[in-house]
Amino acid sequence: MIMNNISANTNKRGLIIRSWAICLALMLISTTSPASTPRLTQSGIQIFLPKTRIHADELGLIINTLDPVSVETGRYYQLKRQIPDKNILRIQIPERTGNLSLASFKKIQAQVNNTFGADIQALALTWAAPYRVDCMSITAAFTFGYDKAFCSKSLCAHTKPSLYFNSNSTAPYTDYAIRPTMSIAAISKTQARELIDRGVASDASQPPGTAYLLSTWDRHRNVRSGLFPRIRETFSGMIKTLIIKSNTLRNRNDVMFYFTGLQQVQNLDSLSFHPGAVADHLTSTGGKLTDSKQMSALRWLEAGATGSYGTVKEPCNLPGKFPNPGILMSHYLQGETLLEAYWKSVQQPGEGIFIGEPLAAPYDGVNIEEADNIIRLTTRALKPGSYHLTYAKSPIGPFHRWPRTLVVKPGQTVIELSRQNYPVIRIDRIR
């Protein structure tokens with residue numbers, strides 16, 4: 001990382017960190033979203049909850065037929081996630097280097113536009129290289145289309161921000177005309193299958209785990225540490241959250257989140273990650289997946305994490321170009337997929353690549369219990385905010401509104417509903 005030019009950004013960095021803290025305070029604001037597939041109680045009552053995440057039938061899968069690892073990754077992922085055939089796009093990428101030429105990308109982008117309709121909300125790539133398109137990461141290029149506004153115009157310059165940042169959207173293509181993209185990156189077929197298996201195994205597993213926030217001695221790469229006290233305060237009731245002042249974490253068997261800032265991270269082989277775990281290190285070129293002189297973000301996946309992030313070109317240590325751990329944790333702990341939570345955590349993602357198993361959702365799921373006239377839901381998927389309750393005799397209505405508003409508080413996971421002798425209950429978030 002070019003450090004001699006960074007000290008001038010100290011004041012800007014402080015402002016950005018304060019703005020991140022404001023985002024962390026506001027990230028639980030709710031919006032209206034469509035209802036999802038109904039959940040059934042033991043007595044057969046149908047409960048419609050708001051849509052909280054992207055699902056397999058909304059994900060487009062792109063396979064490079066000239067890359068055997070990509071072909072096997074795509075085949076196995078389609079099988080394990082039941083991706084519909086119509087959601088598969090097979091392309092040819094002759095380049096074997098990290099950089100996909102702009103001419104090649106534009107041809108592929110045309111294929112994407114001609115193949116996927118409005119129902120496809122996100123994309124998954126199935127290779128580790130190429131990992132960039134000119135000045136953009138390849139996941140950003142597939143998300144936004146090639147746009148130099150998402151690249152630094154000069155050293156240590158800010159870039160165009162993402163409208164998807166910290167949003168509550170469950171349909172980014174519908175809402176913003178973008179398809180957030182993640183690469184199921186691996187350099188061998190075995191590593192790809194293991195990564196996919198971890199993601200699938202994580203679903204609705206509600207892992208206890210620990211969030212490790214490492215404040216390192218590398219003052220240039222430690223810029224996220226200013227957020228750590230607020231994150232610990234915010235999430236202490238949801239997941240065990242530790243701030244550790246050290247360059248390394250070792251001999252831990254409960255890693256769910258691990259955020260640090262270093263060129264190289266040691267002792268990864270002494271750690272055990274829960275399925276669905278997220279880990280990344282703030283440094284210059286962790287996103288150069290196959291040829292970085294620093295530690296590649298792939299090392300996290302090889303160590304057992306399910307998702308990671310790195311930049312593909314010099315970003316300087318501008319916090320907005322890296323994941324905000326608090327925002328990532330917020331969306332992930334509320335049942336969203338890895339792809340959604342990671343993408344929403346980066347304000348300026350044009351130079352960063354997102355890697356992992358896109359549909360991993362360890363904190364999704366609803367447990368339903370009935371007692372007398374009370375239905376008790378245990379779930380993280382109802383985000384803090386206000387909701388209307390409506391009841392009906394059939395899923396097509398007419399629905400009758402319950403006069404009282406349901407209020408879900410931050411960290412609340414148990415919600416009690418009154419049955420009211422109706423077989424259908426619908427919960428709608430109030431804008």
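Heavy-atom basis, side chains included; hydrogens, waters and symmetry copies ignored.
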For the residue pair [X] and [Y], confirm or rule out a side-chain donor-acceptor distance under 3.5 Å.
{"X": "S292", "Y": "T285", "answer": "yes"}
{"X": "T174", "Y": "Q121", "answer": "yes"}
{"X": "R250", "Y": "Q266", "answer": "no"}
{"X": "E95", "Y": "S101", "answer": "yes"}
{"X": "T210", "Y": "D254", "answer": "yes"}
{"X": "S70", "Y": "T126", "answer": "yes"}
{"X": "E351", "Y": "S152", "answer": "yes"}
{"X": "Q348", "Y": "H158", "answer": "yes"}
{"X": "S308", "Y": "D280", "answer": "no"}

[X] side chain vs [Y] backbone, donor-acceptor pair below 3.5 Å:
{"X": "Q109", "Y": "F105", "answer": "no"}
{"X": "T143", "Y": "T139", "answer": "yes"}
{"X": "Q412", "Y": "V414", "answer": "yes"}
{"X": "R224", "Y": "F259", "answer": "no"}
{"X": "T337", "Y": "E340", "answer": "yes"}

**OP:** Sort out for me which residue in R221, H220, E314 forms a side-chain hydrogen bond (donor to acceptor under 3.5 Å, both in side chains) with S284.
**Re:**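 Among R221, H220, E314, the one meeting side-chain hydrogen bond (donor to acceptor under 3.5 Å, both in side chains) with S284 is E314.
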
Original post:
Can you name the one residue among D291, T97, N99, T290 that meets side-chain hydrogen bond (donor to acceptor under 3.5 Å, both in side chains) with Y131?
Top reply: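 Only one option passes, and that is D291.
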
Original post:
Which residue, T181, V346, L339, forms the side chain to side chain contact (heavy atoms under 4.5 Å, CB included) with F354?
Top reply: V346

Original post:
Relative to each other, are the rings of F257 and Y332 parallel, tilted or perpendicular (30° and 60° limits)?
Top reply: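 Perpendicular.
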
**OP:** Please state whether the rings of Y258 and Y212 are parallel, tilted or perpendicular, taking 30° and 60° as the class boundaries.
**Re:**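 Plane angle over 60°, so perpendicular.
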
Original post:
Is the distance between the ring centroids of F144 and W343 less than 6.0 Å?
Top reply: yes

Donor-acceptor contacts under 3.5 Å from residues 58-65 side chains, at least two apart:
{"unit_1": "E58", "atom_1": "OE1", "unit_2": "K51", "atom_2": "NZ", "d": "3.3"}
{"unit_1": "E58", "atom_1": "OE1", "unit_2": "H55", "atom_2": "N", "d": "2.8"}
{"unit_1": "E58", "atom_1": "OE2", "unit_2": "K51", "atom_2": "NZ", "d": "3.4"}
{"unit_1": "N64", "atom_1": "OD1", "unit_2": "L66", "atom_2": "N", "d": "3.1"}
{"unit_1": "N64", "atom_1": "OD1", "unit_2": "I93", "atom_2": "N", "d": "2.9"}
{"unit_1": "T65", "atom_1": "OG1", "unit_2": "I91", "atom_2": "O", "d": "3.1"}

**OP:** Identify, with sequence neighbours excluded, every residue that meets side chain to side chain contact (heavy atoms under 4.5 Å, CB included) alongside T311.
**Re:** Y309, P315, F322

Please set out all donor-acceptor pairs under 3.5 angstrom arising from side-chain atoms of residues 182-193, sequence neighbours excluded.
{"unit_1": "S183", "atom_1": "OG", "unit_2": "W127", "atom_2": "O", "d": "2.5"}
{"unit_1": "S188", "atom_1": "OG", "unit_2": "Q191", "atom_2": "N", "d": "3.1"}
{"unit_1": "R193", "atom_1": "NH1", "unit_2": "E72", "atom_2": "OE2", "d": "3.2"}

Original post:
Checking R179 against Y173: charged group under 6.0 Å from the ring centre and within 45 degrees of the axis?
Top reply: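 Because its charged atom sits under 6.0 Å from the ring centre and within 45° of the axis, R179 does stack over Y173.
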
Original post:
At their closest point, which heavy atom of S202 faces which heavy atom of A361, and how far apart are they?
Top reply: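 Where S202 meets A361 most closely, the heavy atoms are OG-N, 3.8 Å.
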
Subject >> L79, CG atom: more than 12 neighbouring heavy atoms under 6.0 Å >> reply: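 For L79, atom CG is crowded (more than 12 foreign heavy atoms under 6.0 Å).
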
Original post:
Counting only heavy atoms not in K86, do more than 12 sit closer than 6.0 Å to its NZ atom?
Top reply: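 Result for NZ/K86: enclosed.
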
Subject >> Y146 and D134: CA distance, side-chain angles, deciding distance, side-chain hydrogen bond (donor to acceptor under 3.5 Å, both in side chains) verdict >> reply: CA-CA 9 Å; Y146 182 76; D134 192 29; 2.3 Å; yes

Original post:
Taking NZ, NE, NH1 and NH2 as the nitrogens, is one of them in E357 or R81 under 4.0 Å from a carboxylate oxygen of the other?
Top reply: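 Counted as a salt bridge, because a side-chain N and a carboxylate O are separated by less than 4.0 Å.
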
**OP:** Flag the pair L389 / Y387 as yes when at least one side-chain heavy-atom distance between them is below 4.5 Å, and no otherwise.
**Re:**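 Contact flag for L389/Y387 side chains = no.
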
